[in-house]
Amino acid sequence: HGAIELLPALPSVWKDGSVKGLVARGGYLVTIDWKDCKPCHVAVKARIAGMCQIRSVNALKLEGTLVRSVKEKDDFLLTFDAQPGKTYSLSSF
């Protein structure tokens, strides 16, 4: 659906962890820290300008702004306008 899905197939035995340097469609570099199988901190570096959509099992906020994810059926969707070269920090709330 065009959104970056965070931890879509995380094995339940990997309850806590992190990953760096994932390249997502749309020109984004993603780093994720998770706890209890839910993202707690995410960094997204945009390589190109455009609307960035992040889908997650839990609610996230874009740090330094009022942007928060919106509940959809079984997950949450966060949308923001990304600028090339900028890194965006997301955290759970």
query = Are Val44 and Leu29 close enough, and set up right, to give a side chain to side chain contact (heavy atoms under 4.5 Å, CB included), and what steps lead you there?
reply = CA-CA 6 Å; Val44 178; Leu29 188 62; over 6 Å; no
task = Check step by step if side chain to side chain contact (heavy atoms under 4.5 Å, CB included) holds for Ile54 and Ser69.
result = CA-CA 8 Å; Ile54 307 288; Ser69 56; over 6 Å; no
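- In this view, Ser91 and Glu63 satisfy the side chain to side chain donor-acceptor pair (under 3.5 Å) rule, not counting sequence neighbours.
- For residues 13-63, no residue pair satisfies the ring-ring contact (aromatic ring centres under 6.0 Å, His included) rule, not counting sequence neighbours.
- In the hydrophobic clustering of ILVMFWY residues, with side-chain heavy atoms under 4.5 Å counting as a link, Val67 and Val30 come out together.
- Geometric assessment of Arg68 against the ring of Phe93 yields a positive cation-pi assignment under the 6.0 Å and 45° thresholds.
- Hydrophobic clustering, with ILVMFWY side chains joined whenever heavy atoms are under 4.5 angstrom apart, groups Leu90 together with Leu7.
- Within a 6.0 Å radius of NZ in Lys71, other residues, nucleotides and ligands contribute more than 12 heavy atoms.
- For the side chain to side chain contact (heavy atoms under 4.5 Å, CB included) test, residues two or more places apart in sequence or in another chain that qualify with Ser18 are Asp33.
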query = When you look at Lys38 and Leu6, which way does the side chain to side chain contact (heavy atoms under 4.5 Å, CB included) test go after all the steps?
reply = CA-CA 9 Å; Lys38 295 179 182 176; Leu6 301 180; over 6 Å; no
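- Not one N or O on the side chain of Ser92 forms a donor-acceptor pair closer than 3.5 Å with the backbone of Leu60.
- Linking Ile, Leu, Val, Met, Phe, Trp and Tyr residues whenever their side-chain heavy atoms come within less than 4.5 Å places Leu22 and Val42 in a single cluster.
- Nearest heavy atom pair, residue Gly21 against residue Thr31, reads N-OG1, 4.0 Å.
- Applying the salt bridge (charged side-chain N to carboxylate O under 4.0 Å, His left out) test to Asp74 and every residue at least two apart in sequence or in another chain returns nothing.
- Qualifying side chain to side chain donor-acceptor pair (under 3.5 Å) partners for Asp81, counting only residues two or more places apart in sequence or in other chains: Gln83.
- In this structure, Leu66 is not a member of the same hydrophobic cluster as Phe76, with clusters built from ILVMFWY side-chain heavy atoms closer than 4.5 Å.
- Looking only at side-chain heavy atoms (C-beta outward), Leu10 and Lys15 stay at 4.5 Å or farther from each other.
- For the pairing with Arg55, the side-chain contact (heavy atoms from CB on, under 4.5 Å) check across Leu78, Asp75, Thr79 returns one residue only, Asp75.
- Heavy-atom minimum distance, Ala46 versus Tyr88: CB-CE1, 4.4 Å.
- Residues passing the side chain to side chain donor-acceptor pair (under 3.5 Å) test with Asp16, sequence neighbours excluded: none.
- Scanning both residues, Cys37 and Val57, for their nearest heavy atoms gives O-CG2, 4.3 Å.
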